[in-house]
Each structure stands twice: as structure tokens, then as C-alpha cells.
Enquirer: 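Below: one structure in C-alpha cells.
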Amino acid sequence: MTHSQTLALTVGYPARSIAVLTVAGEIDVESVPVLRTRAMGLIRQGRPHLVLDMAAVEFCDSAGLNAMITILRYAKDRHGSLSLAALSPQVARLLDVTGVGDLIPVLPTTAEVLTRITTTPGDAPEEAELL
């Protein structure tokens, strides 16, 4: 598990090319470097399809939106994707008002995101890893 003062991150690997990054706390100017570094690191490590499970995110500001766009571009440059799951009403409204929700797929649950990600044949679930 990775921590900043306002953010906790837990990683799961449901398939070879997918990582689920469970985000808890606040995504703000202070915690964005931790989120961005961890997300981009997972993509670099061969997990180009990244899901941010945001059920436990209490707050997200413009720095968080900017980080999501940066992560999306990074994933797409590596033939991957970024998807968001389980947004709070505050975060969903922020994405809607700013148009970021039009760029990044948002679904109610991580399970729904995982059913929509196209992966390579032979992808199999792996054990979750806590960092």
C-alpha cells in the first residue's frame, strides 16, 4: 500500500495486462504526485489497462483532474486505457462539469469496467498485491 498524508493506494491485478488501483482519501495538489507516479509505474510495468476504483475518494480538485488526463494520455501512448469506477456524486459532477468524463470511461463498479476492457488472449486473473 502506498500512502501520502491524504491518499492511500492499493493495487490488484485481475489479469496480465490490467491493474486496478483502489484510491482512498483526497486527490489534491498534495497527493497527485503519489497517484500519478504509482499509476504510470503500473503502466510502465506492463499493465497498460488501468482502472481507478474511486469508491473511497472523498475529494478531487483540478490537480486530480489534470493527473487523470496525464495518466490517460500515458496509457493511450502505450496502447492501453484508463477507466474510472465507483465515483462519488461530487467527483462525478466534477468530471461532468469539466468534460473530463467525456474523455475517460466511467462505470458504476470495477467489475463492470473489467468486463469492458479488451485484453489479450491468455490473460488470466492473478493474486492481488498490496503495496
Enquirer: With sequence neighbours left out, what residues match Thr70 under side chain to side chain contact (heavy atoms under 4.5 Å, CB included)?
Expert: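 Arg36, Met40, Asn66.
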
Enquirer: As an exercise, state the distance from CD1 of Ile71 to CG of Leu35, rounded to the nearest 0.5 Å.
Expert: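 Reported value, rounded in 0.5 Å steps: 4.5 Å.
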
Enquirer: Kindly indicate, with the supporting measurements, whether the criterion side-chain contact (heavy atoms from CB on, under 4.5 Å) is fulfilled by Arg47 and Ile18.
Expert: CA-CA 5 Å; Arg47 308 287 179 161; Ile18 303 170; over 6 Å; no

Enquirer: Show which side-chain atoms of residues 78-91 pair as donor or acceptor with protein atoms under 3.5 Å away, not counting sequence neighbours.
Expert:
residue, atom, partner, partner atom, Å
Arg78, NH1, Tyr74, O, 3.1
Ser81, OG, His49, ND1, 2.9
Ser88, OG, Val91, N, 3.2

Enquirer: Which heavy atom of Glu30 sits nearest to which heavy atom of Thr6, and what is that distance?
Expert: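 Scanning both residues, the minimum pair turns out to be OE2-CG2, 4.0 Å.
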
Enquirer: Any non-hydrogen side-chain atom of Leu95 less than 4.5 Å from a side-chain atom of Leu65?
Expert: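 The answer is yes; the side chains approach within 4.5 Å.
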
Enquirer: Measure the CD1-OG distance between Ile117 and Ser17 for me, rounded to the nearest 0.5 Å.
Expert: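 Rounded to the nearest 0.5 Å, the CD1-OG separation comes to 7.5 Å.
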
Enquirer: Identify which one of Val97, Asp102, Ile104 satisfies the side chain to side chain contact (heavy atoms under 4.5 Å, CB included) criterion when paired with Val100.
Expert: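 Among Val97, Asp102, Ile104, the one that satisfies the side chain to side chain contact (heavy atoms under 4.5 Å, CB included) with Val100 is Ile104.
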
Enquirer: Might you work through the side-chain contact (heavy atoms from CB on, under 4.5 Å) test for Thr22 and Leu9, ending with a clear yes or no?
Expert: CA-CA 6 Å; Thr22 302; Leu9 305 173; over 6 Å; no

Enquirer: Measure the spacing between CG of Leu107 and CZ of Arg116 and express it to the nearest 0.5 Å.
Expert: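 Those atoms lie 5.0 Å apart.
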
Enquirer: Thr37: what forms a side chain to side chain contact (heavy atoms under 4.5 Å, CB included) with it, not counting sequence neighbours?
Expert: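 With neighbours one apart ignored, the set is empty.
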
Enquirer: Name each donor-acceptor pair under 3.5 Å that joins a side chain in residues 50-61 to protein atoms two or more places apart or in another chain, with its distance.
Expert:
residue, atom, partner, partner atom, Å
Asp53, OD1, Ala55, N, 3.1
Asp53, OD2, Thr110, OG1, 2.8
Asp61, OD1, Ala63, N, 3.0
Asp61, OD1, Gly64, N, 3.2
Asp61, OD2, Val29, N, 3.4

Enquirer: Nearest 0.5 Å, what's the CG-CZ distance between Leu42 and Arg44?
Expert: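 Between atom CG of Leu42 and atom CZ of Arg44 there are 9.0 Å.
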
Enquirer: Please tell me whether Thr115 and Glu112 have a donor and an acceptor in their side chains that are separated by less than 3.5 angstrom.
Expert: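 On atom types as modelled, these side chains do not qualify, holding no pair under 3.5 Å.
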
Enquirer: Between atom CZ of Arg73 and atom CG of Leu103, what is the distance when rounded to the nearest 0.5 Å?
Expert: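 Answer rounded to 0.5 Å: 8.0 Å.
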
